[in-house]
Enquirer: 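Just passing along the structure, written as structure tokens.
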Amino acid sequence: MENGRIVIDGTALTCAEVVRAARADVTVYISPDGVERAAEANLVAAEVAAAQPVYGRTTGVGANRVVDVEWEDADAHGLRLLRSHASGAGPLVAPEIVRAMLTVRLNQIAAGGSGVEPGVLGALADVLNLGLLPPVPVHGAIGTGDLTALASTALCLLGERAWLAGPDGAPERGPGYRLRSADALAFISSNAATLGEAALAVADLRELLAASTVVAALSHFAVRGSIEPYARQVQDACPHPGQQDAAAAMRTLLAFDQPAPARIQDPYGYRAFPQVHGPALEAAAYAEEVVTRELNAAAENPLVDVQGRTVWHNGNFHTAYVGLALDAARAALFQTMALAAARLGTLAEPSFTGLYPFQGETEASSGIMILEYVAHSCLADVRRLATPAALGSAVLSRGVEEHAGFSTQSARATTDAVAAYRLGLGCELVAAARALRMQGRAPSGGPLRAALALADGVLDPRVADRPLDADIAAAADLLPRLAALHP
């Protein structure tokens with residue numbers, strides 16, 4: 001990445017770059033190396049297809065793999081394939097996910113495994129740089145290829161469907177490219193939409209997990225918790241890497257103040273924070289590692305082997321690794337969010353805060369009472385979404401495609417779980433900041449003091465009973481800035 005430009009070369013795309021391409025005002029540029037790889041693969045694909053059967057190029061697809069495409073029908077075959085597969089259903093996915101999909105597919109084609117002609121790279125880059133989108137419905141993929149999404153994209157390139165533009169998704173003319181019939185399957189046989197959404201979700205998850213540590217430290221300071229559970233000696237006795245990282249961050253955040261603990265032993269929300277948050281850190285890091293590997297893989301079927309001058313029919317399109325990694329991340333997320341909800345409960349208790357119940361203005365006030373309901377509503381959604389998508393399967397296409405990992409559904413569930421987590425964590429931040437304001441206390445320095453200052457700058461200081469919905473939204477929006485303070 002170079003300032004406001006993201007360079008696509010087929011080998012080094014990161015989740016962070018996918019996020020920038022999807023959400024920021026950047027220009028996408030295709031490196032000459034990526035164009036050259038795509039061109040070489042395209043020549044090899046044509047060369048091999050002229051000499052032997054190649055799935056999707058000289059044959060039908062799915063159960064029709066045994067049917068040869070006659071030469072006189074070859075030009076029509078690819079167009080029929082695109083038209084028949086552009087059949088998704090339901091509402092359109094979020095624009096940022098479509099932009100992520102286009103970015104990922106660009107990188108995959110530049111990797112040189114698909115054999116798609118290189119001219120399509122410039123057309124897709126123009127689509128991104130002009131802010132246009134193909135219509136991509138939510139339903140249509142199960143983790144073995146985003147066929148409907150990419151077929152819809154191909155029809156836009158061919159001019160049979162309009163691109164969408166602007167916040168209202170108005171139809172608009174845009175860049176076109178005449179995909180050759182032989183490249184139809186090669187273009188759509190990809191998990192680019194699933195991987196694009198997964199990249200966005202894991203990047204957001206890692207950011208929120210960092211913010212969660214800062215919020216937990218604010219809560220810890222507000223209840224005058226003990227730092228004993230975070231001691232290096234304790235963590236060395238059970239040296240899980242994520243646990244050690246979580247404890248080290250808490251030690252750093254709380255280092256500027258060493259008040260006498262109010263209790264000999266705190267509830268699990270504080271005492272077991274490293275042991276519960278650590279697995280979430282590790283699961284999210286592993287998920288990002290898996291997704292990044294897939295972003296830069298030539299996971300094509302057939303795979304064009306330029307060096308060997310051949311193609312390989314294979315199963316690299318199956319994204320079991322991605323789905324299972326995201327499933328594990330959501331399970332770990334539920335555990336750490338449950339602790340956040342538990343800490344919120346302590347912030348409503350006079351014995352922990354020294355304030356009226358629910359941090360009320362008076363003893364009979366409701367104060368932050370409703371925040372617990374909101375947080376547990378969010379937690380219930382995360383629990384529901386933590387059900388592993390990989391527990392499902394499918395037998396399709398007359399039995400020849402007899403397994404699916406549903407990584408597409410896992411990515412979607414992770415997006416939704418992260419959104420719920422953001423709001424639930426916002427509730428804890430509102431409660432922690434309000435408790436410290438009412439106590440008249442603040443950390444004496446360091447990133448924790450900076451975090452409270454940020455919260456004080458956006459959260460309403462009034463403590464009289466009033467709607468707190470705006471406070472929750474403001475706190476949730478602040479979390480990325482708190483994540484930047486994570487040591």
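The chain is numbered in sequence order, starting from 1. Predicted, not measured: the structure shown is a model, and the values here were computed from it. Basis for what follows: all heavy atoms, side chains included, without hydrogens, waters or symmetry-related copies.
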Enquirer: Would you find more than 12 non-hydrogen atoms of other residues, nucleotides or ligands less than 6.0 Å from Phe317 atom CZ?
Expert: yes

Enquirer: Can you tell me if Ser189 uses its side chain to pair, donor with acceptor, with the backbone of Ala186 under 3.5 Å?
Expert: no

Enquirer: Please assess His85 against Thr148 for the test side-chain hydrogen bond (donor to acceptor under 3.5 Å, both in side chains), listing each intermediate value before the final yes or no.
Expert: CA-CA 5 Å; His85 281 59; Thr148 60; over 6 Å; no

Enquirer: Can a donor-acceptor pair be found, under 3.5 Å and without considering hydrogens, that links the side chain of Thr414 to the backbone of Ala201?
Expert: no

Enquirer: Are Arg5 and Tyr29 in a cation-pi contact, defined as NZ or CZ under 6.0 Å from the six-membered ring centre and within 45° of the axis?
Expert: yes

Enquirer: For Ala21, does its backbone N or O pair with a side-chain atom of Arg99 as donor and acceptor, under 3.5 Å?
Expert: yes

Enquirer: Would you check if the side chain of Asp327 reaches a backbone N or O of Ala389 as a donor-acceptor pair within less than 3.5 Å?
Expert: yes

Enquirer: Test of understanding: with side chain to side chain contact (heavy atoms under 4.5 Å, CB included), list the residues that count as partners of Ala111, not counting sequence neighbours.
Expert: none

Enquirer: Ignoring hydrogens and geometry, is there a side-chain-to-backbone donor-acceptor pair from Glu282 to Gly242 under 3.5 Å?
Expert: yes

Enquirer: Can you check whether Glu300's main-chain N or O pairs, donor with acceptor, with Asn314's side chain at less than 3.5 Å?
Expert: yes

Enquirer: Crowded around Arg178 CZ? As in, over 12 foreign heavy atoms under 6.0 Å?
Expert: no

Enquirer: Any carboxylate oxygen within less than 4.0 angstrom of a Lys/Arg side-chain nitrogen, looking at Asp183 and Arg57?
Expert: yes

Enquirer: How about Arg437: does its CZ atom have over 12 heavy atoms from other parts shown lying under 6.0 Å from it?
Expert: yes

Enquirer: In terms of heavy-atom contacts, does CZ of Arg23 have more than 12 from other residues, nucleotides or ligands at under 6.0 Å?
Expert: yes

Enquirer: Let me see the working for Gln108 and Ser114 under side-chain hydrogen bond (donor to acceptor under 3.5 Å, both in side chains), right down to the final yes or no.
Expert: CA-CA 8 Å; Gln108 291 172 328; Ser114 69; over 6 Å; no

Enquirer: Find the distance between OG1 (Thr213) and NE2 (His486) and round it off to the nearest 0.5 Å.
Expert: 4.0 Å

Enquirer: Please report the closest heavy-atom contact between Asn301 and Leu185, naming both atoms and the distance.
Expert: O-CD2, 4.4 Å

Enquirer: Evaluate the side-chain hydrogen bond (donor to acceptor under 3.5 Å, both in side chains) criterion for residues Thr408 and Thr194: first the C-alpha distance (whole Å), next the side-chain angles of each, then the deciding distance (0.1 Å), finally the verdict.
Expert: CA-CA 5 Å; Thr408 307; Thr194 297; 2.8 Å; yes

Enquirer: So, does Asp381 use its side chain to make a donor-acceptor pair with the main chain of Ala420 at under 3.5 Å?
Expert: no

Enquirer: So, Glu428 versus Ser219: side-chain donor-acceptor pair below 3.5 Å or not?
Expert: yes

Enquirer: Kindly say whether Gly323 contributes a backbone atom to a donor-acceptor pair with the side chain of Ser407 at under 3.5 angstrom?
Expert: no

Enquirer: Would a distance-only check, ignoring hydrogens and angles, find a side-chain to backbone donor-acceptor pair under 3.5 Å from Asn129 to Val28?
Expert: yes

Enquirer: Working to the nearest 0.5 Å, report the span between CG of Leu479 and OG of Ser212.
Expert: 8.5 Å

Enquirer: Please confirm whether the backbone N or O of Glu288 pairs with a side-chain atom of Thr292, one donor and one acceptor, at under 3.5 Å?
Expert: yes

Enquirer: Testing Thr153, Leu157, Leu106 one by one against Val120 for a side-chain contact (heavy atoms from CB on, under 4.5 Å), which residue passes?
Expert: Leu157

